[in-house]
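Heads up, the thing below is written out as structure tokens.
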Amino acid sequence: MLGESLTVRDLRICATPPGGEERIIVNDIGFALAPGEVLALIGESGSGKTTIALAMLGYARSGCRIAGGSVQLGDTDVLSLNPKETRALRGHRVAYIAQSAAAAFNPSRTLMDQVIEGALIHGVMSRQEARQKAVSLFHDLALPEPDHIGERYPHQVSGGQLQRVMAAMALITDPALVILDEPTTALDVTTQIEVLRAFKQVMRERGTTAIYVSHDLAVVAQMADQVLVLQNGETQEHNTTARILAQPAHAYTRSLLAAARPHEHLSPVRGRPGAELLDIDDLQVGYGARNAQGRPANVVLEHINLHLTSGQALGVIGESGSGKSTLARAVAGLVAPSHGAIQFDRRELSTTLRGRTPEQFRRIQMVFQSADNALNPAHSVQRLLNRPLETYFNLDRRARRARVEELMDLVKLPRHLLERKPGELSGGQKQRINLARALAARPDLILCDEVTSALDTVVGAAILELLVELRRELGVAYLFISHDISTVRSLCDDVMVLYQGQCVESGPCRQVLDTPQHDYTRRLIGSVPELRQGWLESRPPRSETAATMA
């Protein structure tokens, strides 16, 4: 199916918060796309990007309604369709690639079954044809073992791999319009470049029209023909990508571009010398049956050594599946090492949660990559933040309320969100609640697993400043896992580079990132998108860059 024109006029969306009055959250949005054109929606979390994108499917979230305007896809008025016609549209002519792949998959079904489901429901191909098409997309999206990965379940692949499988699920029907909602959020930089190249090639070959929601302006520069800048649900600026990058007219657009630059203004904060906090010696983590020497059949991490002092930040970078999150989970006690030792404050940590003390739980907190999975959807923000205060501190109700409000201020969220549930928040807001919950325990060490990946550039910069401030004032240390190398450069004192479960390079952050010694580190750094059009086409494909790793 070839792309179709898309015209949006005077789009208005309203929301009614619990116990409140209806208010306009998206107002007077309009744009026009020719077949095959890509429009990027950019702006802070809560600016209405995803809300507008979902309206292209005739969909409004719970508590919201599309109050006016029109969405014209080709000769179809999307907002005038009846429920049956709308179901026929979604997943066929219009496809959606969500921000959180982890929340989009059924854990009890294989990846293949879920990827081909849309094609079977809409009757566009047989089961055999759909499976063949899925495998072809797995190849195009650079997934490992593309002929067999469909046999796995969602928990058996990394977050970045799952995000690409979701892209295959959306593209399998060759839709005319694709809504891409932060589709590379969970991807490391080397994988991101290949996925972006695959998206661009597919859209160019098929003439696919697309709406690209993103807070990563460097990615937008590679993908979009037009950019629409949003703030508080209203258009601040709309122009070609080239004009937006070269001559932004609005002050808010200029602030977004400034926040997208490396955060060189953040001054490093060294840990206190001699204040040992975390020591890891020859760590090995794996799964499956062990051989006579005790080595697991599948090794995820091996020969990992690190030393972290109070107030220090250590960045861990590497491709999806290199073992970054597994390292954090081993420190948190969520996976048991098969070899090696982990010491915290000069005492050996139990390899299981059951063997750890309440005080160790309090002092080591983890902020997970996916806030959708980390936050109980049935609980209000107030209750989510109250839980660690009730668990670790003997505070009365008034003191808990004061501390919760302080936490909301720390993560730059308005206090009126305390009565809302996670489903009523944007992706960035949920991730900030995730961070606030960890801070509630007043930890000594925070295991940060992609904590800024869901945040827009302005809020992400503010969170980085907050993390630096917390280090300076409280002496909190970070094991900072990220695929955003500029963020690691800004925040961390030292960095460890993981490749296929092993450390290939480590040392002072600036030294490693400015003068990398290992081929893989150079490949990582060379894959960071630049804030200019044409950068993607200037990069060699993975097959060529990987040749140096052989």
Side-chain angles (χ1 to χ4, degrees), residues 1-4 6 35 50 53-62 66 71-141 143 146-157 161-183 195 198-199 202-203 205-211 213 372 423:
M1 182 179 294
L2 296 177
E4 300 181 32
L6 177 68
T50 297
L54 290 173
M56 304 303 104
L57 295 102
Y59 176 81
R61 289 166 165 164
S62 177
I66 301 174
V71 175
Q72 190 81 21
L73 177 62
D75 58 0
T76 302
D77 184 350
V78 174
L79 302 185
S80 70
L81 299 178
N82 62 41
K84 182 178 180 180
E85 292 168 333
T86 301
R87 286 193 298 271
L89 176 86
R90 297 172 183 167
H92 183 203
R93 286 178 65 195
V94 183
Y96 180 69
I97 301 177
Q99 180 177 1
S100 174
F105 280 86
N106 184 331
S108 66
R109 299 178 61 200
T110 66
L111 297 175
M112 179 62 77
D113 282 347
Q114 297 181 73
V115 167
I116 67 174
E117 184 176 34
L120 300 182
I121 288 174
H122 292 287
V124 296
M125 59 188 80
S126 68
R127 179 175 293 273
Q128 182 179 353
E129 290 171 333
R131 291 179 68 90
Q132 292 173 346
K133 179 68 174 292
V135 170
S136 176
L137 285 167
F138 295 159
H139 278 275
D140 292 342
L141 293 167
L143 282 159
D147 295 330
H148 304 287
I149 194 170
E151 302 164 10
R152 300 181 190 176
Y153 289 85
H155 70 277
Q156 295 176 313
V157 299
Q161 291 164 359
L162 196 60
Q163 194 79 3
R164 282 176 280 167
V165 173
M166 184 168 60
M169 182 164 56
L171 296 171
I172 195 164
T173 59
D174 291 324
L177 173 65
V178 177
I179 310 300
L180 302 105
D181 191 356
E182 304 279 9
V195 172
F199 281 161
V202 167
M203 288 188 287
E205 290 178 351
R206 302 299 299 168
T208 307
T209 310
I211 302 290
V213 176
D372 285 310

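Side-chain atoms of Ile211 and Leu177, non-hydrogen and from C-beta on, do get closer than 4.5 Å to each other. Val165 places none of its side-chain heavy atoms less than 4.5 Å from the side chain of Val157. Contact annotation: the side chain of Met125 never approaches that of Ile116 to less than 4.5 Å [non-hydrogen atoms, C-beta and beyond]. You'll find the side chain of Leu57 stays beyond 4.5 Å of the side chain of Leu89, heavy atoms only. Using a 4.5 Å cut-off on side-chain heavy atoms (C-beta onward), Asp174 and Thr208 make no contact.
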Steps toward side chain to side chain contact (heavy atoms under 4.5 Å, CB included) verdict (Leu54, Arg61): CA-CA 8 Å; Leu54 290 173; Arg61 289 166 165 164; 3.8 Å; yes
What verdict does the side chain to side chain contact (heavy atoms under 4.5 Å, CB included) test give for Val135 and Ile149, after you've listed the backbone C-alpha separation in whole Å, the side-chain angles of each residue and the deciding distance to 0.1 Å? CA-CA 9 Å; Val135 170; Ile149 194 170; over 6 Å; no
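Looking only at distances, no side-chain donor or acceptor of Arg90 sits under 3.5 Å from a matching main-chain atom of Tyr96. A distance-only check finds a donor-acceptor pair linking the side chain of Gln163 to the backbone of Pro183 [under 3.5 Å]. Judged by distance alone, the side chain of Gln132 and the main-chain N or O of Arg127 form no donor-acceptor pair under 3.5 Å. For Gln114 (side chain) and Met169 (main-chain N/O), no donor-acceptor pair under 3.5 Å exists by modelled atom type. A donor-acceptor contact shorter than 3.5 Å is absent between the side chain of Arg93 and the backbone of Glu4. Side-chain N or O atoms of Thr50 include none that pairs as donor or acceptor with a backbone N or O of Val213 at under 3.5 Å.
Atom NE2 of His148 sits in a sparse spot, with 12 or fewer heavy atoms from other residues, nucleotides or ligands closer than 6.0 Å. The number of heavy atoms from other shown groups lying within 6.0 Å of CZ (Arg131) does not exceed 12.
The two atoms that bring Asp372 and Ala103 nearest to each other are CB-CB, 4.0 Å, heavy atoms only. When every heavy atom of Ala119 is checked against every heavy atom of Ala130, the shortest pair comes out as CB-CB, 4.3 Å. Across all non-hydrogen atoms, the minimal contact from Ile66 to Ala55 is CD1-CB, 4.1 Å. Listed here is the closest heavy atom pair of Phe138 and Ala168: CE2-CB, 3.8 Å. Annotation for Gly91 and Thr173: closest pair O-OG1, 3.1 Å, computed over non-hydrogen atoms. Nearest approach of Pro154 to Phe105, heavy atoms of both residues: CG-CB, 3.7 Å.
Within the model, atoms CD of Gln161 and CE of Met166 stand 14.0 Å from one another, a figure rounded to the nearest 0.5 Å. Once rounded to the nearest 0.5 Å, the distance linking CD1 of Ile97 with CG of Leu171 reads 5.0 Å. Atoms CG and CD, on Leu79 and Gln72 in that order, are 9.5 Å from each other to the nearest 0.5 Å. Summarising the geometry, atom NE2 belonging to His92 is positioned 15.5 Å from atom CZ belonging to Arg87; distances are rounded to the nearest 0.5 Å. Between atom CZ of residue Arg152 and atom OG1 of residue Thr110 there is a gap of 12.5 Å, rounded to the nearest 0.5 Å.
A side-chain contact (heavy atoms from CB on, under 4.5 Å) with Lys84 is found for exactly one of Asn82, Leu81, Thr86, namely Asn82.
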